[in-house]
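Quick notes on the structure that follows.
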Amino acid sequence: MKRLTVEICVCTKCVMHGAMDIIESVEGLKKLKTQLRLGSQIEIETKNLCKGEDVYPLVCINGERMERASSETVMAKVISLTSKDVKR
């Protein structure tokens with residue numbers, strides 16, 4: 001099973017711009033993994049990623065940066081990456 005690493009910046013500005021909502025959404029997706037037939041193990045890491053850049057909130061999924069991310073865009077990306085694993 002492939003591992004999907006979702007890194008979410010938790011600096012003050014990212015948290016103020018929705019980082020906690022993103023964390024909750026991805027956690028919810030992890031709980032629904034079986035029902036959604038997701039083929040990857042989802043790992044969440046919280047870090048200070050943006051280092052003062054004006055890109056709040058910043059999320060990295062397997063190293064790919066998502067600037068000004070939202071719960072919806074992160075969830076869509078995670079589902080698309082895990083769905084590819086199921087089709088193989």
Side-chain angles (χ1 to χ4, degrees):
M1 182 178 290
K2 183 179 175 185
R3 177 176 293 182
L4 191 68
T5 303
V6 181
E7 299 172 301
I8 303 167
C9 185
V10 289
C11 75
T12 303
K13 289 187 178 181
C14 285
V15 169
M16 288 175 48
H17 285 89
M20 299 310 290
D21 293 334
I22 295 170
I23 292 170
E24 288 178 18
S25 296
V26 178
E27 284 287 346
L29 187 61
K30 283 176 61 174
K31 292 176 184 173
L32 294 172
K33 188 174 93 163
T34 304
Q35 290 89 338
L36 295 174
R37 298 182 184 170
L38 301 180
S40 296
Q41 178 182 351
I42 302 169
E43 182 178 316
I44 300 172
E45 296 179 7
T46 55
K47 299 181 175 184
N48 185 357
L49 298 171
C50 68
K51 298 182 176 46
E53 299 174 62
D54 188 19
V55 294
Y56 316 114
L58 177 63
V59 175
C60 293
I61 300 176
N62 282 356
E64 182 180 335
R65 287 173 56 113
M66 295 181 70
E67 299 177 354
R68 295 177 184 84
S70 67
S71 294
E72 293 82 13
T73 58
V74 171
M75 297 290 281
K77 183 70 172 182
V78 168
I79 290 171
S80 73
L81 290 172
T82 56
S83 296
K84 289 178 186 175
D85 292 338
V86 172
K87 293 176 185 174
R88 289 184 187 165

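FYI, side chains are in, hydrogens and waters are out, and symmetry mates aren't considered; it's all heavy atoms of this structure.
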Distance-only, no hydrogens or angles: does the Ser25 side chain make a donor-acceptor pair with backbone N or O of Asp21 under 3.5 Å?
yes
Report whether Leu29 and Met20 are members of the same hydrophobic cluster (ILVMFWY, side-chain heavy atoms less than 4.5 Å apart, transitive linking).
yes
Consider only side-chain heavy atoms of I, L, V, M, F, W and Y, link residues closer than 4.5 Å, and tell whether Ile79 and Ile42 are in one cluster.
yes
Within-4.5 Å side-chain heavy-atom neighbours: Leu81 and Ser40:
no
Between the OH atom in Tyr56 and the OG1 atom in Thr12, the distance rounded to the nearest 0.5 Å is 9.5 Å
Asn62 side chain to Thr5 main-chain N or O, any donor-acceptor pair under 3.5 Å?
yes
Test item: Val59 and Glu7 side chains (from C-beta on) under 4.5 Å apart, heavy atoms:
no
Quick one: are Ile23 and Val6 in side-chain contact, heavy atoms under 4.5 Å?
no
Side-chain heavy atoms nearer than 4.5 Å, only ILVMFWY residues, links allowed to pass through others: does that put Val26 and Val15 together?
yes
Verify same cluster id: Val10, Val78 (apolar side-chain graph, 4.5 Å)
yes
Between Lys30 and Glu43, is there a side-chain N and carboxylate O pair less than 4.0 Å apart?
no
Would a 4.5 Å heavy-atom cut-off, applied to side chains only, mark Cys50 and Cys9 as touching?
yes
In Å, rounded to the nearest 0.5 Å, how long is the span from SG of Cys11 to CG of Leu58?
8.5 Å
Mind checking side chain to side chain donor-acceptor pair (under 3.5 Å) for Glu24 and listing every partner two or more places apart, or none if nothing turns up?
none
Hey, are the side chains of Ser70 and Ile22 touching, using non-hydrogen atoms and a 4.5 Å cut-off?
no
Out of curiosity, Ile8 CD1 to Lys47 NZ, how far, rounded to the nearest 0.5 Å?
11.5 Å
Does some side-chain heavy atom of Met66 sit less than 4.5 Å from a side-chain heavy atom of Val74?
yes
Would you please test Glu53 and Lys13 for salt bridge (charged side-chain N to carboxylate O under 4.0 Å, His left out) and show each step?
CA-CA 10 Å; Glu53 299 174 62; Lys13 289 187 178 181; over 6 Å; no
Are Met75 and Glu72 packed together at the side-chain level, in the sense that at least one heavy-atom pair is separated by less than 4.5 angstrom?
no
